[in-house]
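Down below is the structure, laid out as structure tokens.
Note on naming: letters A, B, ... go to the chains in the order of the sequence lines (proteins, then strands), and numbering restarts at 1 for each one.
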Amino acid sequence: MNLAIKDIQHSLGRFALTALGIGMLLMVVMGMGGIYRGIEKDATLLIDRLGADLWVVQRDTRGPFAEVSRVPANLIHRMLAVPGVKSAREFVYHTVQREHQGKLFRMAILGLSWPEDNGAWLPLTSGRPLGASHYEMIADKSLGLGLGQRVRLGKETYTVVGITTSMMGSSGDGLGFFTVADSQAIQFNTSNEAIRLERAARLARGERSELGTNQPSLLEQAIKPAYELPSTAKPQISAVIVHLSPGADAQRVVEIVSGWRDVTIYTQQGQETLLLRGTVEKVRKQIGLFRVLLTVIAGIVMALILYTLTLDKIHSIALLKLIGAPDRMILGLIMQQALFLGTLGYAVAYILGRKIFPMFPRRVILTNEDLFMLGWIVLGISVASSFLGIWKATQVSPNEAVA
Amino acid sequence: MDHKFAIETHQMTKVYGSGNTEVIAMHDATMNVERGEVVALLGPSGAGKSTFLTAIGLINPPTSGQIFIGGQLILDGPQSHTNLRTFRKQHIGFVFQKANLIPFLTAIENVQVALEINGNSPRAARKEALALMDYLGVADRANGLPNTLSGGQQQRVAVARALANKPSVILADEPTAALDGHRGRQVMELFAQVAHERGAGVVVVTHDHRALDVFDTIYEMEDGAMGPKKRQSDLMPSH
Ligand SMILES: Nc1ncnc2c1ncn2[C@@H]1O[C@H](COP(=O)(O)OP(=O)(O)OP(=O)(O)O)[C@@H](O)[C@H]1O
Ligand SMILES: [Mg+2]
């Protein structure tokens, strides 16, 4: 006769509730671990997906994620001239927070170097890559935009032509993909009034200068739109990302570019380290520590629940000892129930978590490694609290069954 | 065990607590119970009857004095000469005032578990348990949980459990307190029957003087001291 099963059958409702309680507790621990992994993964996701070999950024900055970096667009051509470089393209990235259909709308914008890059490498779940140089966008599912939906950003309206999945910026905002020109237009959008004022200021400065007085025709040039002016630089880009030819020596390229006084170069690994060490470091530590704390508390609560289970049966245990039940039988009763509740709780946590975590605004990633770890912890706690119960059971005198 | 005596105790003393709170619950209690003998233990409340019974039941060792069961020295003061739990399982059956049943097992399982503990297969144990319950007239309530049984039914299940392993010693502490006179007498007669049939030594603590004629021998305790042995034949006028 298996006493553990008999006892469980006898108070099925109570056991079910206990298992549910332990399960929800474990689910929170599991979720916290998932949030931790989510932050880690999201932070480096974009870098991983872009898969660049090298990142070239403004001299002495740790850009473009950890801080602002500005490099001229013509850096692309300089990079292409370095032996071993297969391709180089602009990296244009910034976050906007606007309103869309009356709701707060945060989006990380990534510029694609149209026409070489139309976003065909993105994990599209529906729609298509960009098909025109302007007014189209690919949106991540987490932004909540549908195919064909139109979004007004700055002076223009963009149509969603494709939907991706799991594409987040390092702070967990969903990504929107535009051509570089469009993304810069969004980034550097200036109101009409500001443009008129800027032109007037240019005219005024010209009129005061000697050059302006000597050559009044220059002033006519000065009030033209900025992009028509030969002397006004194109909006600058954040970084240049470089892919190397197969077999090229990355170290060699790094050495060459390190000699240039206006830029700094990082490997992909270097960028990831910068991100994890800098931007998300504090959040990561905060969540990490909280996770440890939560695991410890869950362990204590679980141990107490399992121990109480034994205390409730202490009279029956005394009685079993009285009629000569061997220790093995009493140990089995306590241990089996603890393991049963631990296992059931873990299963509840896993099943509930699988249902609930996807509804979280940021990704909750359950890695196999973390799941195994938690499994071992649950097993350990079940066994440890059994020992506590078994110790209590050995202390009880069979005489207590009579008292 | 073919020794003449089922139980022999020699000058058992039990002291609870120490210093100011010291209570001498039993002193120099000596009693010999033959195989097949049914003993009633009488005495006022606090006389030390339960102390004596739990001592010979090997669950409350005496402070000093010896206990022999089947001629074998089991306890010398608190010092045990064998594994008490194993010994209890094989040789001693208990019944208490409160029917001490395991609440999460059905009536029959309560009997069955005692048989399984003693090495019977679950099937054999179940069969034997059912036969015992039938014998005690509670077979119809075999699958009821203890809290759904009446006090008397619970008591009879407890008796069935005590008899399960054919013990050589049966100890009962006010087993009929929860039963009416008729049922109480039936339980006492059952003890006598088992004692005589199987040659077990039976000690029953009781306050019920109406059923005293069932017993072979009567002892009385007072203030921790064991009175002299009285034979039934000495008490009853002969016909
Ligand atoms: N665990 C204990 N600790 C201290 N004193 C105890 C303990 N158990 C019993 N006693 C005391 O020992 C004495 C004998 O108690 P015992 O239970 O043996 O009496 P009893 O004859 O069974 O009484 P009753 O008829 O009321 O059951 C009493 O004075 C009691 O208070
Ligand atoms: Mg008593």
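At a 4.5 Å heavy-atom cutoff, B:Ile92 makes no contact with chain A through either its backbone or its side chain. Contacts between A:Met329 and chain B at a heavy-atom distance below 4.5 Å involve the side chain alone, from C-beta outward. The contact between B:Arg161 and chain A is made entirely by side chain atoms (from C-beta outward), counting heavy-atom distances below 4.5 Å. Residue B:Gln90 does not touch chain A at all, counting heavy-atom pairs closer than 4.5 Å. Heavy-atom distances place the side chain of B:Thr54, and not its backbone, under 4.5 Å from chain A.
To the nearest 0.5 Å, atom CD1 of residue B:Ile117 and atom NZ of residue A:Lys321 are 12.5 Å apart. Expressed to the nearest 0.5 Å, how far CD1 of B:Ile59 lies from CD of A:Glu400 amounts to 10.5 Å. For the atom pair B:Phe104 CZ and A:Ser316 OG, the distance stands at 5.0 Å (nearest 0.5 Å). For the atom pair A:Leu320 CG and B:Arg85 CZ, the distance stands at 9.5 Å (nearest 0.5 Å). Atom CZ of B:Phe94 sits about 10.5 Å away from atom CG of A:Leu319, to the nearest 0.5 Å.
Taking a 6.0 Å sphere around OH of A:Tyr350, one finds it holds 12 or fewer heavy atoms contributed by other residues, nucleotides or ligands. Taking a 6.0 Å sphere around CZ of A:Phe387, one finds it holds 12 or fewer heavy atoms contributed by other residues, nucleotides or ligands. Atom CD1 of A:Ile305 has more than 12 neighbouring heavy atoms from other residues, nucleotides or ligands inside a 6.0 Å radius. For A:Gln9, the CD atom sits in a packed shell: over 12 heavy atoms of surrounding residues, nucleotides or ligands are nearer than 6.0 Å. Around atom CG of B:Asp223, no more than 12 heavy atoms belonging to other residues, nucleotides or ligands sit under 6.0 Å away. The neighbour count for A:Phe290 CZ, taken as heavy atoms of other residues, nucleotides or ligands under 6.0 Å away, does not exceed 12.
Here B:Leu105 is the residue among B:Leu58, B:Leu105, B:Thr86 with the most heavy-atom pairs under 4.5 Å with chain A.
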Could you go through B:Asn100 and A:His315, starting from their C-alpha distance and side-chain angles, then the distance that decides it, and tell me whether this counts as side chain to side chain contact (heavy atoms under 4.5 Å, CB included)? CA-CA 9 Å; B:Asn100 268 289; A:His315 187 257; 3.0 Å; yes
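Side chains of A:Pro398 and B:Arg88 form a contact here, defined as non-hydrogen atoms less than 4.5 Å apart. In this structure the side chain of A:Leu3 never reaches within 4.5 angstrom of the side chain of B:Ile102, judged on heavy atoms. You'll find the side chain of A:Ile323 stays beyond 4.5 Å of the side chain of B:Lys89, heavy atoms only.
Sequence neighbours left out, the pairs with a member in residues 3-17 of chain A that pass salt bridge (charged side-chain N to carboxylate O under 4.0 Å, His left out) are A:Lys6-B:Glu109, A:Asp7-A:Lys313, A:Arg14-A:Asp312.
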